[in-house]
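Residue indices begin at 1 and follow the sequence shown.
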Amino acid sequence: SPGGFVCGEPGMDQSEKSRFQELLELRAHYETLLNTNLGWTRSPKESFNRWLFERSARPSVAGASSTVDPLLLGIKTPEISPVMKREIMEDLPVKISPPIKFISDIKTARQHLSIFISSSLSLLSRLKANPLSAPELWSDEEKCAEKLRELESWQKARAPSDFTLATTLSKIHEVRQAVCPFLAHVAEPVVNAICISMGEAMQQAAHKVQLGSQIGATSFEGSKSDGKLSPANPQQGAQAPKDDSDAVVTRDGGEHAHTLMLVHLDCQVQITKARLASLQTLFSSLAPADQHTAFLLHVWRMILRYQAVFGPGRFEGGGLHAAIPSAVFQCLQDRLGVTVECFASPLNATLSQYCSMFPDTDAVFGSKGSFFDFEPTEGSFEANPPFVEEILVLMIERMAMLLDKASGPMSFCVFLASWTDTPAWPLLQHSPFMRREISLPAREHVYVSGHQHLNPAVFDAVHSSTVFVLQNDAGAALWPASVAFERDLREAFSRPVTETPHHERDSVPARHETKWRGSGRAGASQSCGSASSRKRTYSDA
């Protein structure tokens, strides 16, 4: 297992803490860049996390040497991330909620139009003053500003009774078509510079962690309500260990009696007792005997790593960690013989075998490493990837390669948000290995919360999803994706579910709750980017 059973390396836990703090600094730097250059008060939802996922999924990074930080993937030449650029460009001039497709009353429509006009004029002024925006880009400025002022006058000159919903929505579409292309044109150099600056900042952060720098002296502990990290309270007991060799201190979660707090190096993380017992079962069967006393230390490191990925906000990152229910996994096992998850984490894996982002922290809990390093020659697999367009394409290409080279029966059952306008969609629909496509309408199927290691709640999906089954001939013969399979899958997805830890289930051995999953983004964009931004996450109502 790649790097999974290291326990006593000096400074390892300090480096994990430093890595977490560097991620907080990177997030703050991102917010500052957007505020300073675009005037935004907050970044596009989950855009920072999608950037992390896109970088971690690169085959050139997966399996790299120990000199490459597993999370702060510093690269020699900072680049323009296509994920980060798209996330920013799609929200220009500013994110406006609700999106047009959900506007059903005249008051909301008028507010949307007013916000768009004022934010566009403000952004134009800010961009023109930015030295990165070259004068030759502004030849159509007056035409754009004139259209905005014309719509502004049109709205101000009318009494409320003069507006209709249809007319206002038409004006919104009209002004967007006239203004958005120019906004994107003049904003692009600035957005490119933001992306490069983030790459440089990540490079510097990786270097600091590698050198063992302890950036920031603030102590942190987990929030009692959501497991996030916050300034430690010395009145709550639990003396922090002095160095990596000290034991992890545990204490009950207060009003959250089903959870435990794990404290080490002044950092506290939170996990349910049921999830901890599940991890203990896996750890005891996988880790060398001389590591068994270090179980809680391994759990602390792993949770802190994923907490760095989720982000510090309440419920942040949950849309990137939601999962299919256990009943669906039972169906996949019964009908397709699924034994391995392609995208998971120790905090939400359902099967005992899975691939994950961080083999260095996850291998002791059953991870096989990155999916992009995974090289099976046969078998049946479930894939519920992070919903980042670049990762989806890489995933499909790798699946096609594995299916083509397989020496035995092979099958992949893939779960995606119904992003019909992305590059991944035709790759799946026209794949020579495609056996069945199943559409699941919005609010007619359920998912498990992305914070299931704190509270495994089940909720209705607010978007449509699509299930694809890819198989070679031998896989299709052994595990037919039949009409009966589709019927059972739909039933499993729609039934009420009460999630229980794998060690309490007799029907499905060696299970956890759920698995790492990407954010489902659906719906038309209300921005100057592509015509159909997919910004919504599974936790959006």
Side-chain angles (χ1 to χ4, degrees), residues 221-229 238 248-264 268-287 292-307 310 314-315 317-318 321-330 333 341 344-354 356 361-362 364-367 382 384 446-459 492 495-517 538-539:
E221 75 167 14
S223 162
K224 294 178 180 58
S225 61
D226 55 19
K228 305 299 183 181
L229 301 180
V248 173
V249 177
T250 63
R251 65 170 179 238
D252 286 333
E255 69 254 37
H256 303 280
H258 66 293
T259 68
L260 278 178
M261 306 294 186
L262 308 181
V263 185
H264 184 44
Q268 177 173 290
V269 297
Q270 188 175 10
I271 187 171
T272 64
K273 296 174 183 178
R275 174 65 63 181
L276 192 65
S278 300
L279 293 174
Q280 176 80 73
T281 300
L282 278 176
F283 183 86
S284 298
S285 66
L286 293 170
H292 285 188
T293 57
F295 166 65
L296 292 178
L297 191 57
H298 282 283
V299 174
W300 177 88
R301 288 176 186 158
M302 179 270 295
I303 296 178
L304 192 61
R305 176 72 61 81
Y306 280 95
Q307 192 62 65
F310 293 161
R314 181 175 174 82
F315 302 125
H321 210 244
I324 62 175
S326 57
V328 176
F329 270 105
Q330 185 69 70
Q333 289 185 311
E341 297 176 70
S345 86
L347 294 176
N348 66 1
T350 299
L351 306 181
S352 59
Q353 299 185 85
Y354 58 92
S356 70
T361 58
D362 302 350
V364 287
F365 305 112
S367 172
E382 179 267 358
N384 200 0
V446 298
Y447 286 95
V448 183
S449 164
H451 293 281
Q452 55 268 49
H453 64 290
L454 301 172
N455 181 27
V458 177
F459 59 91
R495 73 179 65 163
V497 180
T498 300
E499 293 294 302
T500 56
H502 77 81
H503 66 281
E504 297 179 9
R505 292 192 213 117
D506 295 327
S507 58
V508 185
R511 286 195 173 198
H512 298 273
E513 286 310 318
T514 47
K515 56 172 300 308
W516 172 49
R517 135 165 229 150
Y538 284 111
S539 57

(request) State, yes or no, whether a side-chain contact exists between F459 and V446 at a heavy-atom distance under 4.5 Å. (result) no
(message) With rounding to the nearest 0.5 angstrom, report the NE2 to CZ distance, H453 to R275.
(response) 9.0 Å
(request) Could you tell me whether the side chain of D362 reaches within less than 4.5 Å of the side chain of Y306, counting heavy atoms only? (result) yes
(message) Do T361 and L304 have side chains that approach each other closer than 4.5 Å (heavy atoms only, starting at C-beta)?
(response) no
(message) Within the 4.5 Å heavy-atom criterion, are I324 and V448 side-chain neighbours or not?
(response) no
(message) Out of the candidates L297, V299, I303, only one should pair with R301 under the side chain to side chain contact (heavy atoms under 4.5 Å, CB included) rule; please name it.
(response) L297
(message) Less than 4.5 Å apart, side chain to side chain, heavy atoms only: is that true for H258 and K273?
(response) no
(request) Please name the pair of heavy atoms, one in S356 and one in A344, separated by the smallest distance, quoted to 0.1 Å. (result) CB-O, 3.1 Å
(message) Donor-acceptor pair, distance only, cut-off 3.5 Å: does the side chain of E341 make one with the backbone of L351?
(response) yes
(message) Within the 4.5 Å heavy-atom criterion, are F365 and S278 side-chain neighbours or not?
(response) no
(request) Kindly compute the distance separating CD (E382) from CD (Q333), expressed to the nearest 0.5 Å. (result) 10.5 Å
(message) Does any part of the side chain of M302, heavy atoms only, come nearer than 4.5 Å to the side chain of V364, both counted from C-beta?
(response) no
(request) Please name all residues satisfying side chain to side chain contact (heavy atoms under 4.5 Å, CB included) with L296, sequence neighbours left out, ordered by chain then number. (result) V248, T250, L262, L276
(request) Could you check if a side-chain atom of V328 sits within less than 4.5 angstrom of a side-chain atom of T350, using non-hydrogen atoms only? (result) no
(request) Answer with yes or no whether the side chains of S284 and Q280 bring together a donor and an acceptor at under 3.5 Å. (result) yes
(request) Any chance you could measure T272, atom OG1, to L260, atom CG, to the nearest 0.5 Å? (result) 9.0 Å
(message) For Y354 versus S345, what's the shortest heavy-atom pair and its separation?
(response) CE1-C, 3.9 Å
(request) Drop me the distance from I271's CD1 to L454's CG, to the nearest 0.5 angstrom. (result) 8.0 Å
